[in-house]
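To keep things clear, I will list the structure first and then write my remarks on it.
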Number of protein chains: 2
Amino acid sequence: MRRMSQRDRREAIIDAAIEVAMENGLGATTVRDVAGRMGSSSGLIHHYFESMDLVLAGAFRRVAEKDLATSRDELAVLGDPVTQLAHFVNTYFSPDRDPAFQFWLDAWSEAGRNGALQQASSSLNVEWQQTLLTIIESGVDSGDFECSDPFGASWSILSLLDGLALQIVAHRTVLSRAQSIVWAAGTIERDLGLPSGALRHQAPVGASAL
Amino acid sequence: MRRMSQRDRREAIIDAAIEVAMENGLGATTVRDVAGRMGSSSGLIHHYFESMDLVLAGAFRRVAEKDLATSRDELAVLGDPVTQLAHFVNTYFSPDRDPAFQFWLDAWSEAGRNGALQQASSSLNVEWQQTLLTIIESGVDSGDFECSDPFGASWSILSLLDGLALQIVAHRTVLSRAQSIVWAAGTIERDLGLPSGALRHQAPVGASAL
DNA sequence: TGCCCAGTTGAACGCGTGTCCAACAAAAAG
DNA sequence: CTTTTTGTTGGACACGCGTTCAACTGGGCA
């Protein structure tokens with residue numbers, strides 16, 4: 001196996017763990033599978049990570065951080081809060097995000113039994129909520145939104161979206177993505193005092209919304 | 001070990017599986033643990049269930065069905081739709097339901113990999129949604145609620161509640177139960193054209209709402 | 001060129017897993 | 001009181017798990 005620096009090897013291990021977890025689930029990701037994916041021996045993993053739990057927490061953290069960063073980058077180039085929120089809602093159920101969302105489901109389930117995972121999961125959930133909070137606050141400032149409790153609204157909206165996404169990813173055919181967008185948009189518009197349809201006036205960017 | 005009829009033994013196995021899964025989680029529930037809890041040999045389980053996956057799916061189904069039945073019984077004795085919905089929202093985050101909700105988290109996570117679990121999980125989720133739908137429809141009929149899409153509203157409200165409950169159970173301290181009730185009630189009131197505070201005018205029944 | 005140390009190996013350890021099945025015992029049928 | 005049926009036993013099997021560690025490289029420095 002090609003030698004690497006400590007930094008590179010740690011990254012490579014996490015990369016391999018992500019690939020395996022995408023196929024088998026976080027909970028079913030084993031040391032040997034990760035080593036096999038890397039093309040290395042299994043002993044190598046424990047030379048860089050104290051335990052397998054830390055590898056899994058690292059894998060989740062990386063996937064979730066990248067997903068969040070992508071979302072923030074997309075929001076950054078959009079002008080007003082209404083457009084930003086519309087984009088947020090219209091892309092939340094994109095099939096592209098399904099694998100990352102399965103990671104979230106695994107993390108929420110495992111959080112009670114894996115301390116490192118719980119920490120990663122809860123802190124990243126807070127970051128998503130803060131992303132939403134920033135949009136809402138700027139919308140209240142600009143007069144686009146009417147909301148007396150932006151903090152509560154950010155948690156409510158995120159929870160609504162997560163609850164719907166959960167049905168889509170876990171149960172596949174119970175809810176359609178397009179339908180979920182319409183329902184979420186309606187509830188959020190009422191929550192923020194927006195006119196009906198305000199969050200749906202543009203097609204989702206780069207996402208097939210079936 | 002005392003002999004039982006096929007029916008009783010199957011029930012006893014599921015009972016024992018539930019007890020174990022309450023402590024260790026669905027995914028960490030083993031044949032030997034279940035047998036030990038029953039005080040029987042481990043071979044007995046496979047005399048009644050083709051595989052361990054079916055035992056776990058059975059355990060989830062039983063817990064979720066009982067939880068649902070309890071909720072429906074409580075709703076049945078309440079008069080008007082507003083009171084029913086208020087009860088629904090005020091009790092959804094009760095600590096009593098935490099163990100059952102952890103079962104849901106496990107089921108949602110495993111659904112993609114355990115067919116029997118996915119079927120149980122998705123059909124029971126639909127039953128919860130239908131419970132909500134019945135309340136909403138009767139409220140629309142009685143003129144208490146204003147809602148053009150009761151079906152969509154039922155899914156949105158359930159998803160909002162699940163999303164909040166998920167934070168409470170998986171992350172423990174990120175959100176408080178009382179706060180979540182207030183947020184959910186606010187959003188639902190706006191969704192159904194209720195006056196602000198309509199769903200919070202009574203204290204939760206038999207639930208410490210910390 | 002030769003040494004040294006960091007990166008890497010892979011077998012071994014103890015334990016746990018689901019599944020299987022021949023043997024056993026208790027209840028029911030004759 | 002036998003015989004048959006049926007619920008139950010518990011060890012065997014093959015495998016997989018996370019973790020450990022002495023032995024083994026191979027690249028960079030002296």
Side-chain angles (χ1 to χ4, degrees), chain A residues 1-21 23-60 106-107 109-110 112-118 120, chain B residues 1-21 23-60 106-107 109-110 113-117 120:
Chain A
M1 173 86 287
R2 191 188 129 235
R3 294 184 162 212
M4 293 185 187
S5 68
Q6 297 240 3
R7 179 183 224 92
D8 288 350
R9 181 54 76 192
R10 281 183 69 95
E11 297 251 314
I13 291 172
I14 296 289
D15 284 343
I18 289 170
E19 286 181 41
V20 174
E23 292 165 17
N24 303 343
L26 259 195
T29 299
T30 71
V31 184
R32 287 165 181 78
D33 286 349
V34 174
R37 182 63 59 120
M38 256 200 311
S40 79
S41 70
S42 67
L44 192 55
I45 275 92
H46 281 86
H47 195 256
Y48 290 90
F49 291 88
E50 223 174 49
S51 78
M52 191 57 191
D53 275 2
L54 293 177
V55 177
L56 298 181
F60 166 77
D106 294 345
S109 165
E110 291 293 323
R113 285 155 237 138
N114 176 342
L117 242 186
Q118 184 181 56
Chain B
M1 172 87 288
R2 190 188 129 236
R3 294 190 160 210
M4 293 186 185
S5 68
Q6 297 240 2
R7 179 184 224 90
D8 288 350
R9 179 56 75 192
R10 282 183 67 96
E11 298 250 317
I13 291 171
I14 297 290
D15 284 344
I18 289 169
E19 287 182 40
V20 175
E23 292 166 14
N24 304 343
L26 259 196
T29 300
T30 72
V31 185
R32 287 163 181 80
D33 286 349
V34 174
R37 182 64 58 118
M38 255 200 313
S40 79
S41 70
S42 67
L44 193 55
I45 274 93
H46 280 87
H47 195 257
Y48 290 90
F49 291 87
E50 225 175 48
S51 77
M52 192 55 191
D53 274 2
L54 293 177
V55 177
L56 298 182
F60 166 77
D106 294 344
S109 165
E110 288 297 320
R113 276 139 355 218
N114 176 342
L117 244 186

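Every chain is numbered from 1, with letters handed out A, B, ... down the list of sequences. Below, each value reflects all heavy atoms present in this structure, side chains not excepted, and no hydrogens, waters or symmetry copies.
- Here the closest heavy-atom approach between residue B:F49 and residue B:R10 is recorded as CE2-NH2, 3.4 Å.
- For DNA chain D, the contact window with chain A, defined by any atom under 4.0 Å from a protein heavy atom, covers D:dC17 to D:dG26 in 5' to 3' order.
- Side-chain atoms of A:V34 and A:T29, non-hydrogen and from C-beta on, do get closer than 4.5 Å to each other.
- OP1 or OP2 of C:dG10 has not a single side-chain nitrogen or oxygen of A:S41 nearer than 4.0 Å.
- In this structure, A:L44 atom CG and C:dA6 atom P are separated by 15 Å, rounded to whole Å.
- Nucleic acid contact for B:S5: none, since no nucleic acid atom lies under 4.0 Å from a heavy atom of the residue.
- Rounded to whole Å, the distance from NE2 on B:H47 to P on C:dA23 is 16 Å.
- Note that CG of B:D106 is 10.0 Å distant from CG of B:L56, once rounded to the nearest 0.5 Å.
- Distance, A:I45 CD1 to C:dT8 P: 11 Å, rounded to whole Å.
- Considering only heavy atoms from C-beta on, A:R9 comes within 4.5 Å of A:M38 through its side chain.
- Within residues 24-34 of chain B, the residues having any heavy atom closer than 4.0 Å to DNA chain D are, in order of number, B:R32.
- Here the C1' atom of nucleotide C:dA26 and the CZ atom of B:R2 are 13 Å apart, to the nearest Å.
- For the OP1/OP2 pair of C:dA6 and a distance below 4.0 Å, the side-chain nitrogens and oxygens of A:Q6 include no atom meeting the criterion.
- Heavy-atom distances under 4.0 Å link DNA chain D to no residue of residues 49-58 of chain B.
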